[in-house]
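Quick notes on the structure that follows.
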Amino acid sequence: MPKLLKEHIFCKLNFYSERMQKCLHSATQKYIDSNVHDDPKVFDNMYFLIIKIISTPVANVFIGEEESKNEEVVTTFAEFTSDLSALIKIPPFLNFFYPGLLNRILVSSGLYNPAIKHRNILIKYIKNQVCKRLQEKAKYGDSWKRPDDLLQDIIEQEDIDDLNNVNYLSLADKLLLFLFASIHTTSNGCANALMDLASRPQYMQELYEEQLEVHKEADENGLLPFEALDNMKKLDSFIRESLRLTGHILALDHSVLKDYTFSNGLQLPKDHTVKIYVDDIYQDELLQGPNPKSFEPFRHVDTNVPASKIGKNFMLFGGGKHACPGRHFAINEIKFFLHNIILKYNICTKSGKIEGRRMYGPTAYPSSSGIIIEKRVK
Ligand code: HEM
């Protein structure tokens, strides 16, 4: 799965950049712009709007221009992970017998499996595309212009060419894995960054000036060249700081595959799950520099370390050979989205205070508090 993404999406970030921006523009227009008129407007729980906005370009790149315009597709992309995470919230009553036993019973007995609804929706739209594409390819042969998206890449990689022999279940399951990895994570990061900005309006002017300068590179449709992302240095630093202070207490669950003993004698027994105690990384002055607990939006500007850069002092995307391959895609999406918001609007929290994260056990979620969005006077 990571190999597929690396070969077919992350090598083509530049190619997808225009589509990503067009989708973000139209989704922002639909979910935000159309609700903000001359008076300031309060948006509660922005996460639910942002997840729809983030899902729009992801759906476009994953299953193509045509189907991604459909509201039902965007809703499935947006809701799949949160519906699934309802399973994680079920108290682990039967874990005494076997880890996750209650969830396994619910899912395998068919009593509760939130994935099925989304899989059926996805199959409906994928089927439409697969049929159309195979028929067109048969009709036009070499002159057929193949659509460029992940679905087409999978069709070709798996040599799918017989309409009567397509395993739609397997195709949908592959795509659902990608949805699981990409949508909630990116939306979380984006909603946190927006709330962090609304909480600290004093940094807005500096970011606005940078985005104005960057926007000089835009074409007549307001679309930026891919390279413009590199010039959003302050915005990039702001996003990295927001990600650094995501706020989880424990993160990065990993299974221990074999008994392991660290040099200090600490033992990890096989088959246990280990999690990282996040404060050990982000509140350590040696790793983060001075005042590691405080939100300093421009702390990364002169460090030459972009928001997507992983390292021992920044583990949000994991590390090593399994580090998140989607991190550049995610950061680009967040930057393009915030670029537009900063140019169009002033934002602040409804409470007028800094809003922190919402905790669910050791995991942090974006705050559901209100954000006031007001058109910028030019
Ligand atoms: C802010 C957004 C994101 C965050 C915070 C995030 C975080 C992570 C983390 C922590 C891991 C596990 C790394 C490890 O085990 O060491 C991971 C893996 C992965 N992520 Fe992301 N991710 C994000 C966005 C995305 C996007 C947009 C995609 C796809 C388009 C994606 C695809 C993947 C895949 C395929 C893996 C598995 C990699 C492997 O096992 O080799 N992620 N991500």
Side-chain angles (χ1 to χ4, degrees), residues 9-10 12-36 43 46-71 73-79 148-150 178-179 182-198 207-208 210-212 214-215 217-232 235-236 238-239 242-243 307-308 326-345 347 366 371 373 375-376:
I9 293 198
F10 307 129
K12 297 197 271 185
L13 286 179
N14 189 343
F15 170 78
Y16 282 129
S17 143
E18 189 180 312
R19 272 159 69 175
M20 182 186 266
Q21 290 181 75
K22 278 187 185 161
C23 291
L24 285 171
H25 281 187
S26 65
T28 307
Q29 161 65 33
K30 181 169 175 185
Y31 296 107
I32 298 182
D33 301 350
S34 63
N35 291 309
V36 182
F43 288 86
M46 279 302 280
Y47 173 80
F48 290 107
L49 284 189
I50 287 187
I51 199 164
K52 288 252 179 162
I53 295 174
I54 291 296
S55 296
T56 309
V58 178
N60 180 303
V61 171
F62 282 11
I63 64 167
E65 300 261 21
E66 200 176 331
E67 308 302 338
S68 68
K69 291 196 180 117
N70 200 303
E71 181 68 28
V73 169
V74 175
T75 304
T76 264
F77 270 61
E79 292 179 358
D148 237 314
D149 50 48
L150 186 64
F178 292 131
L179 298 200
S182 59
I183 304 274
H184 165 73
T185 46
T186 312
S187 308
N188 226 28
C190 190
N192 281 339
L194 193 72
M195 184 56 88
D196 288 338
L197 185 55
L207 288 168
Y208 176 65
E210 182 185 73
Q211 300 322 304
L212 260 190
V214 170
H215 206 72
E217 300 171 54
D219 68 9
E220 63 282 6
N221 300 313
L223 301 179
L224 294 168
F226 182 64
E227 296 70 27
L229 287 165
D230 290 339
N231 299 331
M232 302 179 189
L235 181 57
D236 188 89
F238 192 99
I239 294 168
S242 180
L243 293 173
S308 54
R327 58 192 188 278
H328 303 286
F329 186 92
I331 299 291
N332 292 356
E333 224 186 330
I334 299 175
K335 279 165 89 171
F336 280 136
F337 168 74
L338 286 177
H339 169 81
N340 285 328
I341 292 290
I342 292 169
L343 283 179
K344 279 190 198 151
Y345 300 114
I347 60 172
I371 292 184
I373 301 191
K375 273 189 186 157
R376 195 177 263 289

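Scope of the values below: all heavy atoms of this structure, side chains included, with no hydrogens, waters or symmetry mates.
Scanning for salt bridge (charged side-chain N to carboxylate O under 4.0 Å, His left out) contacts around Lys12 gives Asp148, Asp153, with sequence neighbours left out. Gln29 meets the side chain to side chain contact (heavy atoms under 4.5 Å, CB included) test with Asp33, Ser34; sequence neighbours excluded.
Distance check: Ile331 CD1 to Leu235 CG gives 10.0 Å after rounding to the nearest 0.5 Å. Taken to the nearest 0.5 Å, the OH atom of Tyr345 stands 7.0 Å off from the CD1 atom of Ile373. The structure places CD of Gln211 at 5.0 Å from CD1 of Ile342, a figure rounded to the nearest 0.5 Å. One distance of note links OG of Ser187 with CZ of Phe337; it measures 10.0 Å at 0.5 Å rounding. With rounding to the nearest 0.5 Å, the separation of CG in Leu179 from OG in Ser55 is 8.0 Å. The structure places CD1 of Ile54 at 4.0 Å from CD of Glu333, a figure rounded to the nearest 0.5 Å.
For the pair Phe62/Phe77, a side-chain contact is recorded, criterion being any heavy-atom separation below 4.5 Å from C-beta on. Residues Arg376 and Lys344 form no side-chain contact, since every pair of their non-hydrogen atoms from C-beta on lies 4.5 Å or further apart. A heavy-atom distance below 4.5 Å is not found between the side chains of Ile63 and Asp149. Between Phe178 and Val58 there is no side-chain heavy-atom pair separated by less than 4.5 Å. Residues His25 and Leu223 meet the side-chain proximity criterion, which asks for heavy atoms closer than 4.5 Å. Side-chain contact between Ser68 and Val74: absent, with no pair of heavy atoms (C-beta onward) separated by less than 4.5 Å. The closest side-chain heavy-atom distance from His328 to Phe10 is not below 4.5 Å. Residues Leu229 and Leu224 are not in side-chain contact: their nearest non-hydrogen atoms beyond the backbone lie 4.5 Å or more apart.
Listed here is the closest heavy atom pair of Thr56 and Ala27: OG1-CB, 3.6 Å. When all heavy atoms are compared, the tightest approach of Val36 to Lys375 is O-CE, 3.6 Å. The nearest pair of heavy atoms linking Cys23 to Asn60 is SG-ND2, 3.3 Å.
A salt bridge links Lys52 with Glu71: at least one charged nitrogen is closer than 4.0 Å to a carboxylate oxygen. Using a cutoff of 4.0 Å between basic side-chain nitrogens and carboxylate oxygens, Glu65 and Lys22 are not scored as salt-bridged.
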request  = Output, in order, the C-alpha distance, side-chain angles, deciding distance and verdict of side-chain contact (heavy atoms from CB on, under 4.5 Å) for Asn188 and Ile51.
outcome  = CA-CA 8 Å; Asn188 226 28; Ile51 199 164; over 6 Å; no
key: Criterion side-chain contact (heavy atoms from CB on, under 4.5 Å) on Phe226 and Glu18, from CA distance to verdict   = CA-CA 8 Å; Phe226 182 64; Glu18 189 180 312; over 6 Å; no
inquiry  = Please determine whether side-chain contact (heavy atoms from CB on, under 4.5 Å) holds for the pair Tyr31 and Ile50, giving the CA-CA distance in whole Å, both sets of side-chain angles, and the decisive distance to 0.1 Å.
reply    = CA-CA 8 Å; Tyr31 296 107; Ile50 287 187; over 6 Å; no
ask   = For Gln21 and Tyr16, what are the C-alpha separation, side-chain angles and deciding distance, and is it a side-chain contact (heavy atoms from CB on, under 4.5 Å)?
value = CA-CA 9 Å; Gln21 290 181 75; Tyr16 282 129; over 6 Å; no
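The closest donor-acceptor contact from the side chain of Thr76 to the backbone of Val73 lies at 3.5 Å or more, if one exists at all. Between the side chain of Ser242 and the main chain of Phe238, no donor-acceptor pair closer than 3.5 Å is present. Side-chain atoms of Arg19 do not come within 3.5 Å of backbone N or O of Pro57 as any donor-acceptor pair.
At a cut-off of 3.5 Å, with distance as the only test, a side-chain donor of Glu217 or Asn231 sits close to an acceptor on the other residue. Side-chain atoms of Thr28 and Asn340 form no donor-acceptor pair, as typed in the model, at a separation below 3.5 Å.
His339 and Tyr208 have their aromatic ring centers separated by at least 6.0 angstrom.
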